[in-house]
Amino acid sequence: MDCAVNLSNDSAIRHMKNKPIKISKIIKLTNLTAAILATTLLWPSFTMGKEPSQTVGEEQPPTQDYIRTTVNNYFIPDVDVIRMDNNKLSLINALDDGRPVMMNFIFASCSAICPMLSHTFMQVQKKLGKESQNVHLVSISIDPENDTPAVLQAYAKKFQAGSQWDFYTGKLESSVAIQKAFNVYRGDKMNHSSVILMRAKPGKPWFRLEGFASPQAVMDEYRTMLENSK
Amino acid sequence: MYREFCITRQSSWLFLFICLVFSTVINAKSNSNNNDLIELGRRIYVEGILPSGKSLQGTRAKSVQVEGDAAACETCHRRSGMGSLEGNIVVPPITGRFLFATDDNRPIALVDPRAPKNVTRAHAPYNEKSFGKALLNGLSVSGRNMNALMPQYALNNKEIKALMAYLHSLSAELSPGITDDKVHFATIVTPDVDPKQSDVMLKMINAAFSQRNAAQENYSGRMRMPLDLIPRTLRNWDLKVWELKGTPDTWNAQLEENYRREPVFAVISGLSNTTWTPFHKFCEQQKLPCMLPSINLPPQQTSFYSLYYSGGLELETKVLAKHLRDLGAKSPKRLVQIYRDNESGHAASHALTEALRDSGIQVIDRLLAGQSLDDTNEALKDLSNEDTVMLWLDPSDLSAVGKAATKLAASAIYASGIFVKDDFSAISKEWLSRLHVVYPYELGDKRQKNVSTLVKWLKTWNLPLVNDRFQSEVFFNLLFLTDLFSQMLDNLYRDYMIERAEDMLSLGSNVSVYPHLSLSRGQRFASKGAYIARFDENGNLAAESEWIVP
């Protein structure tokens with residue numbers, strides 16, 4: 001439901017392999033008809049189990065690396081999360097601390113998608129250099145019963161997470177509520193998808209990168225987002 | 001002339017002998033070379049270590065570097081080489097049977113169970129050149145780009161050959177326990193189990209097996225669901241009961257004898273009130289899947305081939321310890337635990353002592369010698385209202401202690417959900433109302449909803465409902481096994497079965513007494529928490545805490 005509501009106000013761009021479409025070419029959907037059209041076109045790819053499978057290592061047509069949409073607002077649920085240092089805090093406070101946020105959803109025993117997302121964050125962190133101190137990297141576990149703070153600490157260490165990169169766990173119901181709010185809930189952790197969300201500050205739109213955005217693409221999107229939020 | 005003939009004949013024998021020795025030496029050397037190559041390939045595939053000893057390095061999406069075990073093929077393609085499915089990303093099988101298959105020997109695997117017709121696609125067989133291209137340039141044998149998740153590696157010819165040799169050897173034969181027309185399973189019963197309980201379990205498994213085998217015999221190519229479109233060998237399921245005798249130190253020999261007589265593909269369910277370690281070790285040693293037994297003392301040291309519903313009594317101790325620690329300033333100063341001098345009693349009390357180490361809570365152990373008033377008074381003596389009590393006792397002992405505890409001054413009294421087995425009939429209402437139960441199962445309506453399918457199924461088969469805990473565990477296991485086999489098709493490899501179980505366990509309907517069950521790579525306990533529960537005014541056990549995951 002969140003997806004339908006949010007996307008109705010969205011603009012969407014698609015980055016084809018090595019052919020990013022310039023922002024100026026973004027189709028602006030402003031009227032109701034266009035909104036319905038956008039929702040109709042985008043909805044199937046956000047529905048559980050309806051996504052066409054991509055095959056690693058077998059023949060397939062060239063695919064886009066990622067799709068960016070902007071979402072005016074996600075309704076952040078008022079739930080508590082537990083940071084990997086065992087501190088309990090509200091998700092709203094964790095996200096609204098004034099810093100730009102980059103967020104993904106992972107679980108520690110995931111073998112394919114999450115390591116890719118985490119490696120991407122690791123390299124974005126490097127690329128940001130000193131600036132990384134001003135950005136809040138957030139990874140939320142979608143398998144919180146297994147991903148205890150201790151498990152997340154070990155995971156963070158593996159990906160050389162700096163002090164600005166926080167991993168969160170909590171109750172299973174809280175994790176599901178957060179996933180639903182950000183439209184990444186697919187019914188089960190094994191159905192999860194690769195999404196990076198970023199926002200310049202509270203009240204500003206979220207950039208949603210769906211697919212495999214390279215560290216450089218994430219950096220470029222981040223710069224664009226900061227520029228747009230001025 | 002004759003002499004000449006003799007010399008010639010002698011020479012030819014000598015020549016033949018030399019040839020034989022020579023070819024044996026060459027063969028042995030070639031086998032040894034091939035084994036060496038396979039081992040080099042295994043290290044690349046499993047450990048991400050190159051023959052030079054350096055770490056394997058790869059690049060995903062031309063931008064993300066991965067190294068060592070993170071770059072190893074096994075990370076995504078798994079130990080069996082049969083691949084996996086994550087989100088909408090299909091990681092295909094890459095064993096030799098799939099990669100190098102031609103039209104006349106092409107196997108089929110289901111790559112996305114959500115779309116039952118989504119099976120492995122035909123492609124030209126890879127050879128050394130095209131395999132190298134796939135690894136180095138990310139191009140499939142058809143010349144298409146592979147998914148961004150597939151790393152590109154800088155491997156030399158020797159390393160490529162080694163990987164090919166390993167993939168040829170990987171999941172090359174069906175696992176033991178599979179014959180042309182049967183899949184053989186075993187279940188385990190230890191001597192301490194009540195024969196009535198094991199009888200119920202065996203009747204349930206036999207009923208499910210005959211239901212499944214009958215459905216298969218009537219299959220005749222009819223299509224009931226899209227999965228039926230995919231051809232497979234029809235094999236009946238066969239159950240062997242491994243009933244152990246004597247003491248645990250003799251069990252391994254009995255297991256080996258049973259297994260030698262008839263190897264099985266997997267052990268399913270099983271009942272025991274005592275140690276499970278001998279079976280855990282045996283399954284690991286034989287690389288034999290040991291699927292979800294109904295037990296209370298699973299080894300906490302996990303391994304690849306044994307899956308469990310929960311951590312059993314040890315999970316209860318961790319939950320109680322977390323609950324008591326989280327009370328903060330209200331944490332008790334002293335906890336007195338009362339237990340019987342038996343394996344479960346010692347295991348639980350020892351684990352709780354460990355779980356409360358460094359908590360500031362002093363733990364006192366007391367053995368309950370018997371059910372006489374003297375025994376129970378002895379166990380309860382000198383307790384003050386500052387103390388917390390944990391009772392690792394079965395319903396009969398709990399009732400006896402209750403009779404002596406009318407004036408017990410303890411601040412809180414806890415009991416073990418596993419020990420009490422939902423049998424509260426002999427315990428007085430007053431005593432029940434004082435107990436907090438550490439309860440690793442679902443409660444109330446949700447529990448009834450979960451087990452409703454089991455209840456209907458038992459009725460259909462005219463089987464009794466004796467205890468919904470272990471019966472729902474057996475039932476869940478049987479349904480899960482059916483799902484696993486329908487998706488594995490003819491790829492009956494034990495490692496693949498464990499990998500599919502890891503990925504699939506949380507996807508089916510939950511017909512168990514647990515709130516939810518979930519596994520993943522390396523996870524071996526499917527349910528991970530417990531409630532602290534109390535009896536309400538209607539005499540029903542209800543949660544007084546959230547689901548606590550230690």
Side-chain angles (χ1 to χ4, degrees), chain A residues 17-18 45 48-66 107-120 122-123 143-148 158-159 169-173 184 186-195 211-218, chain B residues 60-66 70 74-78 83-92 94 99 111-112 114-115 118 120-121 123 134-135 138-150 502-507 515-516 518-523 525 527-529 546-547 549-550:
Chain A
K17 209 167 186 77
N18 303 325
S45 67
M48 189 178 96
K50 295 277 177 64
E51 294 161 82
S53 304
Q54 300 175 37
T55 305
V56 176
E58 263 198 4
E59 54 184 285
Q60 58 181 309
T63 54
Q64 71 271 9
D65 292 338
Y66 69 99
F107 63 104
S109 54
C110 160
S111 54
I113 294 175
C114 315
M116 175 79 171
L117 283 170
S118 300
H119 272 114
T120 303
M122 184 174 104
Q123 288 181 31
D143 186 17
E145 291 204 343
N146 183 66
D147 294 349
T148 58
K158 189 171 155 190
F159 290 98
T169 181
K171 283 187 286 177
L172 181 63
E173 304 83 66
V184 294
R186 301 289 179 268
D188 184 79
K189 66 181 185 304
M190 292 314 296
N191 290 339
H192 71 135
S193 49
S194 169
V195 174
F212 293 115
S214 68
Q216 189 53 50
V218 173
Chain B
R60 281 173 163 163
K62 295 197 170 120
S63 57
V64 177
Q65 311 299 322
V66 281
E74 196 214 49
T75 308
C76 296
H77 293 279
R78 314 298 289 267
S84 59
L85 174 75
E86 230 186 87
N88 63 343
I89 304 293
V90 169
V91 181
I94 54 163
L99 279 192
V111 294
D112 187 350
R114 296 168 306 189
N118 199 346
T120 39
R121 294 172 218 170
H123 57 70
L135 292 166
L139 288 173
S140 79
V141 68
S142 319
R144 301 243 173 110
N145 286 317
M146 294 182 181
N147 187 284
L149 268 186
M150 170 71 189
E502 287 176 336
D503 291 357
M504 283 169 58
L505 194 82
S506 51
L507 293 169
H516 43 264
S518 171
L519 289 173
S520 179
R521 199 185 160 100
Q523 293 183 24
F525 299 114
S527 180
K528 298 174 176 73
E546 293 172 331
W547 182 250
V549 180

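Quick note on labels: first sequence line is chain A, next is B, and so on, each numbered from 1.
A 4.5 Å side-chain heavy-atom check between Ser111(A) and Glu502(B) finds every atom pair outside the cut-off.
Using a 4.5 Å cut-off between heavy atoms, Ser214(A) contacts chain B through both its backbone and its side chain. Looking at Lys158(A), there are no atoms closer than 4.5 Å to chain B (heavy atoms on both sides), in backbone or side chain. Interface remark: Glu86(B) contributes backbone and side-chain atoms alike to the contact with chain A (heavy atom separation under 4.5 Å). Contacts of Ala70(B) with chain A are made by side-chain atoms alone, with heavy-atom separations under 4.5 Å and no backbone atom involved. Heavy atoms of Leu135(B) lying under 4.5 Å from chain A are absent altogether.
Separating the CG atom in Leu519(B) from the CE atom in Met190(A) is a distance of 11.0 Å, to the nearest 0.5 Å. Note: Arg521(B) CZ to Asn146(A) CG = 13.5 Å, rounded to the nearest 0.5 Å. Note that NZ of Lys528(B) and CG of Leu172(A) are 10.0 Å apart. Values are rounded to the nearest 0.5 Å. A distance of 11.0 Å separates NE2 in His516(B) from CG in Asp188(A), rounded to the nearest 0.5 Å.
Each of Arg78(B), Gln65(B), Met504(B) has some count of heavy-atom pairs under 4.5 Å with chain A, and the biggest count is that of Gln65(B).
At distances below 3.5 Å, not a single donor-acceptor pair connects side-chain atoms of Lys189(A) with backbone N or O atoms of Asp503(B).
Closest of all the heavy-atom pairs between Val549(B) and Glu145(A) is CG1-O, 3.4 Å. For the pair Ala148(B) and Met116(A), the tightest heavy-atom approach, listed with the atom from each and the gap, is O-CE, 4.4 Å. Minimum interatomic distance between Ser63(B) and Gln123(A) (heavy atoms only, all atoms of both residues): O-OE1, 2.9 Å. Nearest heavy-atom pair, Ser518(B) versus Asp143(A), reported as atom, atom and distance to 0.1 Å: OG-OD1, 4.4 Å. The shortest non-hydrogen separation linking Pro215(A) to Val64(B) is CD-CG2, 3.6 Å.
Within a 6.0 Å sphere centred on CD of Gln216(A), heavy atoms belonging to other residues, nucleotides or ligands number more than 12.
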